[in-house]
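Report on one structure; see the data block that follows.
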2 protein chains.
Amino acid sequence: MTELSITTLHTSDADFERRFMDLITWNAGDMADIERRVAQIIADVRQHGDRAVIDYTQRFDRITLTPEGMAFSEAELEDALATVPHDVYQALELAAQRIYQFHSWQLPQMGIQEFMDASGTLLGQRVQAVKKAGLYVPGGLASYPSSVLMNAIPAKVAGVETLIMVVPTPDNQVNPAILAAARLAGVDKIFRIGGAQAVAAMAYGTQQVPAVDMIVGPGNIYVATAKRQVYGQVGIDMIAGPSEILVIADNQNDPKWIAADLLSQAEHDRDAQSILVTDDATFAEQVRLAIAEQLSHLSRSQIARQSIMERGGIIVVKDLDEGAKIASRVAPEHLELAVADPRTLMHKIDHAGAIFMGRHTPEPIGDYVAGPNHVLPTNGTARFSSPLGVHNFIKRSSLIGCTARSFASIGPAASALAGSEGLTAHKLSVDLRLAKE
Amino acid sequence: MTELSITTLHTSDADFERRFMDLITWNAGDMADIERRVAQIIADVRQHGDRAVIDYTQRFDRITLTPEGMAFSEAELEDALATVPHDVYQALELAAQRIYQFHSWQLPQMGIQEFMDASGTLLGQRVQAVKKAGLYVPGGLASYPSSVLMNAIPAKVAGVETLIMVVPTPDNQVNPAILAAARLAGVDKIFRIGGAQAVAAMAYGTQQVPAVDMIVGPGNIYVATAKRQVYGQVGIDMIAGPSEILVIADNQNDPKWIAADLLSQAEHDRDAQSILVTDDATFAEQVRLAIAEQLSHLSRSQIARQSIMERGGIIVVKDLDEGAKIASRVAPEHLELAVADPRTLMHKIDHAGAIFMGRHTPEPIGDYVAGPNHVLPTNGTARFSSPLGVHNFIKRSSLIGCTARSFASIGPAASALAGSEGLTAHKLSVDLRLAKE
């Protein structure tokens with residue numbers, strides 16, 4: 001085993017500020033070439049529809065689809081489902097039920113809400129689900145049934161009428177647990193396509209793939225770039241960066257537990273970031289040794305090692321309050337508070353995607369079965385954005401209804417402002433109605 | 001007066017579908033050059049801070065700022081406020097009060113919300129305002145005090161701690177009503193800078209301009225492009241396209257009223273779109289004649305004429321139900337229902353930013369004093385997005401707290417799923433804690 005080095009900073013170091021900023025700054029690199037290639041794929045799909053999707057699928061996934069064969073048939077789904085191990089299916093059922101419960105609890109008041117104000121004007125809003133949504137699910141290594149549940153269930157809870165899914169099946173391989181999760185979550189139709197071509201098909205529609213209003217779900221850089229490019233034509237959830245965890249831990253934790261928690265982010269992606277913040281340098285060293293030991297047993301040990309050595313970090317703080325300040329500056333996707341009094345510490349945290357409270361709440365419990373969403377704002381965006389939820393599938397329309405009388409009461413101010421802004425048609429529209437009163 | 005031609009379609013026409021799609025499709029054109037120039041400005045501001053902002057302000061706005069002079073002083077604000085006409089100030093006060101009232105009504109439950117589920121796991125969410133927000137306000141022709149109120153008040157109602165504003169002052173000119181509106185809305189500090197350089201300064205911070213978490217407000221194509229480019233570093237409201245109105249009107253309306261309503265969008269911008277949907281071709285012709293008559297009296301008559309002739313439209317439908325279907329396909333920013341029973345018709349509309357109910361509710365009342373926001377989703381995005389509101393300034397964090405006991409109950413399913421996904425560190429993190437029980 002090679003020596004495992006992890007960037008280690010002490011807040012008392014003279015160069016802490018600069019090294020801290022280096023640690024937490026993520027640069028995605030130059031994307032111009034990918035942008036161009038994705039733009040070309042989208043243009044092709046807009047122009048040629050299914051034909052283009054089928055051609056790209058042949059090229060990238062090495063399978064030949066007919067238009068009718070783009071979607072899984074009922075029989076194919078039944079066959080696949082029969083191969084899912086019983087314990088996995090049961091775990092998916094529990095997860096689906098808990099995710100459904102949490103997101104139902106989260107659902108805001110829907111429908112028409114209104115009030116009449118003092119002028120007699122009716123004001124309000126109509127809150128509705130988007131009608132059609134599309135879910136992207138990666139194929140290959142990152143093809144996770146848990147992710148299907150986390151993206152699909154909030155859409156269904158919000159009331160999305162039509163929920164379709166795309167998943168690439170390179171060389172005709174697909175994880176049957178993905179299909180089982182889609183079935184459990186209530187997905188209406190599943191297409192075996194992926195990449196930018198699948199995003200384009202859902203955004204603009206083809207003969208076989210219906211155009212949707214909203215696209216969600218993770219994907220590689222081509223998928224993320226395609227989502228960004230079709231944003232505006234459709235809504236999207238977010239552009240996710242590499243996954244991150246920040247653990248604030250005192251020295252009363254088992255170092256092995258904390259090591260495993262940090263590695264659970266690191267094994268996702270060599271660009272993932274795992275940061276330990278602790279008030280005890282000796283404990284920090286124990287965690288480092290535990291990471292080194294555990295690394296050798298992991299199935300994705302090489303990815304995890306690279307992530308830990310290149311992007312991981314240990315920050316030794318003078319006390320937990322300083323730890324909370326550091327965590328707030330990072331605004332991490334996942335934040336574990338492995339301390340005696342997590343609630344008091346939580347109140348000192350400004351920003352985090354999800355907060356895992358106490359020593360018995362490791363981050364992976366949130367990935368699978370806790371109930372809240374595992375799609376979370378990355379790369380500091382928790383400062384202004386939120387976990388995926390029912391809100392992403394809901395839109396509001398404002399409602400305004402004046403009577404002749406209420407218009408007479410508030411119209412003159414509108415006329416004055418329109419006049420002052422030099423918008424004479426606005427003013428005319430108001431004045432014509434005021435003259436009539 | 002030249003003859004006023006307006007694209008007129010009948011849903012019964014054989015080529016209706018193609019011409020309708022031509023009418024409602026908006027193409028912003030090639031942006032590659034603007035993208036490059038904006039990227040350069042942002043890079044300069046990130047590297048050189050105030051120095052770069054001051055240089056660009058000199059070049060674009062022809063004024064020489066000192067770092068200390070970048071923000072308006074209290075004395076300058078007082079002087080400017082004294083020049084605002086009394087009736088305009090009073091109208092702004094009424095508008096501010098009504099906008100405040102509506103957005104307070106709209107505020108969802110804030111703070112920590114949680115419940116304990118059957119397993120004994122604590123689940124919940126923390127709902128908070130973003131800490132710092134920045135408001136962009138255009139200078140020159142499109143410098144509207146109403147827009148300051150509409151963008152700033154929802155931020156303050158949500159609880160944003162620090163709200164700054166930027167407004168360019170080309171040749172040292174500024175509309176004092178803008179400053180009055182900012183004062184009424186509770187803006188904390190106002191900088192006399194604009195363009196992509198101001199957006200970059202708010203996104204990344206300079207010596208004088210604080211970095212914010214969220215940037216909102218309208219702007220020209222450079223501002224919109226800069227907002228898109230800094231998205232991710234900060235949150236943004238939306239990328240607005242040209243303004244649009246769709247009016248569904250029966251023949252019981254005064255054609256002059258409807259003509260003025262259509263022109264009130266057209267006068268914003270030659271790319272703005274005004275569409276009349278009516279079940280009476282004779283009434284449509286009366287509206288066309290009224291538009292032609294009114295056009296000659298408008299202060300922005302040339303812009304309005306160009307908008308009406310190039311992007312305006314009249315669609316004659318067989319009945320109002322068909323009109324509702326057409327409106328839903330457009331998903332307009334502003335939708336007027338100038339009919340006898342607007343409520344019944346409203347229920348048949350799938351998508352619209354704001355719905356103006358009945359003959360006495362012209363769109364301009366919503367621009368100024370009704371209370372709901374006038375920043376609305378354009379270009380069909382009402383299918384999946386919402387008016388600006390307190391929600392834009394609010395973020396959620398998920399909360400998860402297991403006890404040793406509740407973890408023992410739901411942990412095994414997480415372990416099974418982690419195992420099936422091949423994520424052995426995830427599994428280890430769960431299994432180590434289960435072994436301890």
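Here is how names work: the chains are called A, B, and so on, in the same order as the sequence lines, proteins then strands, and each is numbered from 1.
- The nearest pair of heavy atoms linking A/L388 to A/M238 is N-CE, 4.0 Å.
- Contact tally against chain B (heavy-atom pairs below 4.5 Å) for A/V127, A/L122, A/I349: the top residue is A/I349.
- Among A/I394, A/V430, A/L417, the residue with the largest count of heavy-atom pairs under 4.5 Å with chain B is A/L417.
- For the set A/A259, A/S301, A/A354, the count of heavy-atom pairs under 4.5 angstrom toward chain B peaks at A/A354.
- Both the backbone and the side chain of A/L92 come within less than 4.5 Å of a heavy atom of chain B.
- Both the backbone and the side chain of A/P145 come within contact range of chain B, each with at least one heavy atom under 4.5 Å from a heavy atom of that chain.
- With a 4.5 Å cut-off on non-hydrogen atoms, A/S299 touches chain B through its backbone and its side chain both.
- Per-residue heavy-atom pair counts under 4.5 Å with chain A were compared for B/L428, B/I400, B/D350, and the maximum is reached by B/I400.
- Chain A forms more heavy-atom pairs under 4.5 Å with one residue of B/K427, B/H391, B/K256 than with any other, namely B/H391.
- A/E114 touches chain B through backbone and side chain together, each having a heavy atom under 4.5 Å away.
- Only the backbone of A/R359 comes within contact range of chain B, with heavy atoms under 4.5 Å apart.
- Neither the backbone nor the side chain of A/P108 comes within contact range of chain B; no heavy atoms are under 4.5 Å apart.
- Using modelled atom types and a 3.5 Å distance limit, the side chains of A/H351 and B/K395 yield a donor-acceptor pair.
- A/S406 and A/T121 share a donor-acceptor pair across their side chains, judged by distance under 3.5 Å alone.
- Around the NE2 atom of B/H347, the shell of radius 6.0 Å holds more than 12 heavy atoms that belong to other residues, nucleotides or ligands.
- Interface remark: B/L263 contributes backbone and side-chain atoms alike to the contact with chain A (heavy atom separation under 4.5 Å).
- Checking side-chain atoms of A/S307 against main-chain N and O of A/I303 turns up no donor-acceptor pair under 3.5 Å.
- Among the candidates A/A304, A/S398, A/A129, the residue making the largest number of heavy-atom pairs closer than 4.5 Å to chain B is A/S398.
- With values rounded to the nearest 0.5 angstrom, B/L123 atom CG is found 4.5 Å from B/F115 atom CZ.
- In this structure, A/Q113 contributes its side chain and A/G124 its backbone to no donor-acceptor pair below 3.5 Å.
- Proximity to chain B is limited to the side chain of A/D367, based on heavy atoms less than 4.5 angstrom apart.
- When heavy atoms are compared at a cutoff of 4.5 Å, A/V84 does not approach chain B at all.
- The aromatic rings of A/Y368 and B/H426 stand perpendicular to each other, their planes meeting at an angle above 60°, with 30° marking the opposite boundary.
- Looking at A/L399, both its backbone and its side chain come within 4.5 Å of chain B, counting heavy atoms on both sides.
- Taking the charged nitrogens against the carboxylate oxygens, B/D261 and A/R433 do have a contact shorter than 4.0 Å, which makes a salt bridge.
- Heavy atoms closer than 4.5 Å to chain B are found in the side chain of A/Q128, but not in its backbone.
- Side-chain atoms of A/S397 come within 3.5 Å of backbone atoms of B/A352 as a donor-acceptor pair (strictly under, hydrogens ignored).
- Contact of A/A177 with chain B is not made at all, since no heavy-atom distance falls under 4.5 Å.
- Between the side chains of B/E421 and A/S146, at least one donor-acceptor pair of N or O atoms lies under 3.5 Å.
- The structure places OG of A/S264 at 8.0 Å from NE2 of A/H334, a figure rounded to the nearest 0.5 Å.
- Formation of a donor-acceptor pair under 3.5 Å by the B/S385 side chain with backbone atoms of B/T381 is found in this model.
- The aromatic rings of B/H360 and B/W257 stand perpendicular to each other, their planes meeting at an angle above 60°, with 30° marking the opposite boundary.
- Heavy-atom pairs under 4.5 Å with chain A peak, among B/E363, B/H297, B/M346, B/M214, at B/M346.
- Of the listed residues (B/G358, B/P364, B/A370, B/A413), the one with the most heavy-atom contacts under 4.5 Å to chain A is B/P364.
- Under 4.0 Å is where a charged nitrogen must lie from a carboxylate oxygen, and between A/D117 and B/R98 at least one such pair does.
- Comparing B/A418, B/G366, B/S420, B/G380 by how many heavy-atom pairs each has under 4.5 Å with chain A, the most go to B/A418.
- Proximity to chain B is limited to the side chain of A/H268, based on heavy atoms less than 4.5 angstrom apart.
- Residue A/Q125 touches chain B through both its backbone and its side chain, counting heavy-atom pairs closer than 4.5 Å.
- Checking side-chain atoms of B/T424 against main-chain N and O of A/L298 turns up no donor-acceptor pair under 3.5 Å.
- Residue B/L262: no heavy atom, backbone or side chain, is found under 4.5 Å from chain A.
- Contact tally against chain B (heavy-atom pairs below 4.5 Å) for A/T403, A/V369, A/V130, A/L335: the top residue is A/V369.
- No other option in A/G241, A/G232, A/G411, A/G389 has as many heavy-atom pairs under 4.5 Å with chain B as A/G232.
- Counting heavy-atom pairs closer than 4.5 Å to chain A, the top residue among B/Q109, B/Q233, B/Q101 is B/Q233.
- Contacts of A/V234 with chain B are made by both backbone and side-chain atoms, with heavy-atom separations under 4.5 Å.
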